[in-house]
2 protein chains.
Amino acid sequence: MTEHCPHSETASCTLPSSEQVKVLLDQAVSLCEQRNLRFTELRKQVLELVCRADQPVGAYQLLDELREQGRSAAPPTVYRALDFLLEQGLVHRLATNNTYLACAHPQKPHAAVFLVCSQCGQTQEVHTRGVIEVVKQQAEKFDFRVTHASVEVAGLCHSCQSQKEGAQ
Amino acid sequence: MTEHCPHSETASCTLPSSEQVKVLLDQAVSLCEQRNLRFTELRKQVLELVCRADQPVGAYQLLDELREQGRSAAPPTVYRALDFLLEQGLVHRLATNNTYLACAHPQKPHAAVFLVCSQCGQTQEVHTRGVIEVVKQQAEKFDFRVTHASVEVAGLCHSCQSQKEGAQ
DNA sequence: GATATAATGTTACATTATAACATAACATAT
DNA sequence: ATATGTTATGTTATAATGTAACATTATATC
């Protein structure tokens with residue numbers, strides 16, 4: 001909870017390029033080895049689907065994609081895999097729209113801020129010392145012991161702002 | 001969005017006492033008059049139920065309670081009333097657990113931080129200049145135009161921390 | 001009162017998520 | 001190597017949350 005990713009304050013953690021997908025999967029493999037957990041075929045498939053999506057995806061979309069890959073799957077299939085990946089910090093869940101996205105920094109546990117474009121759905125995971133620390137400070141004042149902070153910001157991304165201006 | 005409630009940084013906005021419920025309802029009445037909107041019986045009933053709850057409540061719980069009051073109601077009945085109350089800033093929705101709670105400060109539009117106890121469900125709405133401003137600052141760096149920030153913190157409230165210590 | 005608008009009633013359904021129990025895969029000790 | 005316990009997955013059914021679509025009623029305005 002207390003550690004932060006080494007990113008600069010102004011660089012965002014964008015969704016992984018298809019080259020980076022392999023890196024993320026490799027990281028997942030070694031991370032599970034370290035923790036003595038099984039990175040099964042199902043879990044790998046689900047993580048890969050989440051990584052390859054260019055936007056946060058819903059559980060039932062993942063379910064469809066698993067089936068397209070010829071796998072016999074039902075809702076629990078997906079949710080159980082997602083639960084595992086969430087617990088291991090390999091994916092995040094966005095509560096405001098019930099979607100899942102790959103974590104950009106599975107190496108280090110961290111709390112992140114998500115910028116969710118209401119127009120196009122593109123979502124950035126941004127890491128900043130500031131936000132989470134301020135949240136914790138405030139919580140402390142109320143003697144509240146934080147276990148998880150969900151910070152999701154809805155609005156318009158840069159490119160959708162331009163489009164709207166152009167349209168006027 | 002830019003205005004903040006006049007609270008001190010360390011005072012929380014606790015759930016309304018049953019005396020305060022009347023005040024909140026009166027505020028809703030005058031607020032709707034000002035805006036030329038209808039504060040109908042249904043909307044009043046739903047707001048009152050949300051106010052009287054000692055914890056954030058789910059939509060279907062509200063539905064049950066409406067029916068207990070003898071009102072013919074279906075899911076859209078509740079959701080439409082909630083949508084109205086949300087738009088007017090009279091209630092908040094917690095995305096992390098799909099519940100609704102009365103806004104402590106309907107007079108002034110504001111963005112709030114919610115401290116949600118995972119043990120007992122008690123939820124505090126706390127207002128702090130800090131958190132929301134930092135969020136906005138960060139968003140600006142990415143040229144992201146914020147319309148709404150959802151900041152929900154899960155953890156243990158003071159009283160549940162004590163209980164756990166006592167149990168050990 | 002006639003007409004337009006807003007709110008509610010009602011039915012049906014979509015979406016998201018979990019419970020419960022059976023089976024299969026894997027790990028470990030004997 | 002096999003018996004045994006544990007973990008993961010398959011499968012069916014259902015719970016919980018939320019919305020679409022259209023009919024009806026109430027309200028406001030002319």
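None of the values given here were measured: they were computed from a predicted structure.
Qualifying side chain to side chain donor-acceptor pair (under 3.5 Å) partners for B/Arg38, counting only residues two or more places apart in sequence or in other chains: none. Remark: B/Val57 engages B/Val50, B/Ala53, B/Gln61, B/Leu62 in a side-chain contact (heavy atoms from CB on, under 4.5 Å) (not counting sequence neighbours). Partners of A/Gln27 by side-chain contact (heavy atoms from CB on, under 4.5 Å), not counting sequence neighbours, listed by chain and number: A/Val23, A/Leu24, A/Pro106, A/Gln107. Looking at residues two or more places apart in sequence or on another chain, you find no side chain to side chain donor-acceptor pair (under 3.5 Å) involving A/Arg67. Every residue meeting the ring pair (Phe, Tyr, Trp, His ring centres under 6.0 Å) condition with A/Phe114, not counting sequence neighbours, appears here in chain and number order: A/His92. Looking at residues two or more places apart in sequence or on another chain, you find no salt bridge (Lys or Arg N to Asp or Glu O under 4.0 Å) involving A/Arg93. The salt bridge (Lys or Arg N to Asp or Glu O under 4.0 Å) search around A/Arg43 returns none, not counting sequence neighbours. For A/Glu48, the salt bridge (Lys or Arg N to Asp or Glu O under 4.0 Å) partners are A/Arg52, not counting sequence neighbours.
Put simply, CD on B/Gln61 is 13 Å from P on D/dG18, counting in whole angstrom units. Taking atom CG of residue A/Leu37 and atom P of nucleotide D/dT9, one finds them 12 Å apart after rounding to whole Å. Rounded to whole Å, atom P of D/dT11 lies 13 Å from atom CG of A/Leu42. Between the CZ atom of A/Arg43 and the C1' atom of D/dT9 there is a distance of 10 Å, given to the nearest Å.
Contacts of A/Phe39 with the nucleic acid, taken as non-hydrogen atoms under 4.0 Å apart, are absent.
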Check: residues 73-84 of chain A side-chain donor-acceptor pairs under 3.5 Å, at least two apart:
| from | atom 1 | to | atom 2 | distance (Å) |
| --- | --- | --- | --- | --- |
| A/Thr77 | OG1 | A/Ala74 | N | 2.9 |
| A/Thr77 | OG1 | A/Ala74 | O | 3.0 |

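Using a 4.0 Å cut-off on heavy atoms, none of the residues of residues 87-99 of chain B approach DNA chain C. Using a 4.0 Å cutoff on non-hydrogen atoms, the parts of residues 71-86 of chain A near DNA chain C are A/Pro75, A/Pro76, A/Tyr79, A/Arg80, ordered by number.
Following chains of ILVMFWY side-chain contacts shorter than 4.5 Å, one cannot reach B/Leu94 starting from B/Leu156, and the two form parts of different hydrophobic clusters.
Not a single donor-acceptor pair under 3.5 Å links the side chain of B/Glu152 to the backbone N or O of A/Glu152.
Taking a heavy-atom distance under 4.0 Å as the criterion, the stretch of DNA chain C touched by chain B extends 5' to 3' from C/dA6 to C/dT11.
Between A/Arg38 and the phosphate of D/dT7, there is no side-chain N or O to OP1/OP2 separation shorter than 4.0 Å.
The side chain of B/Tyr60 lies closest to D/dG18, out of D/dA8, D/dG18, D/dT9.
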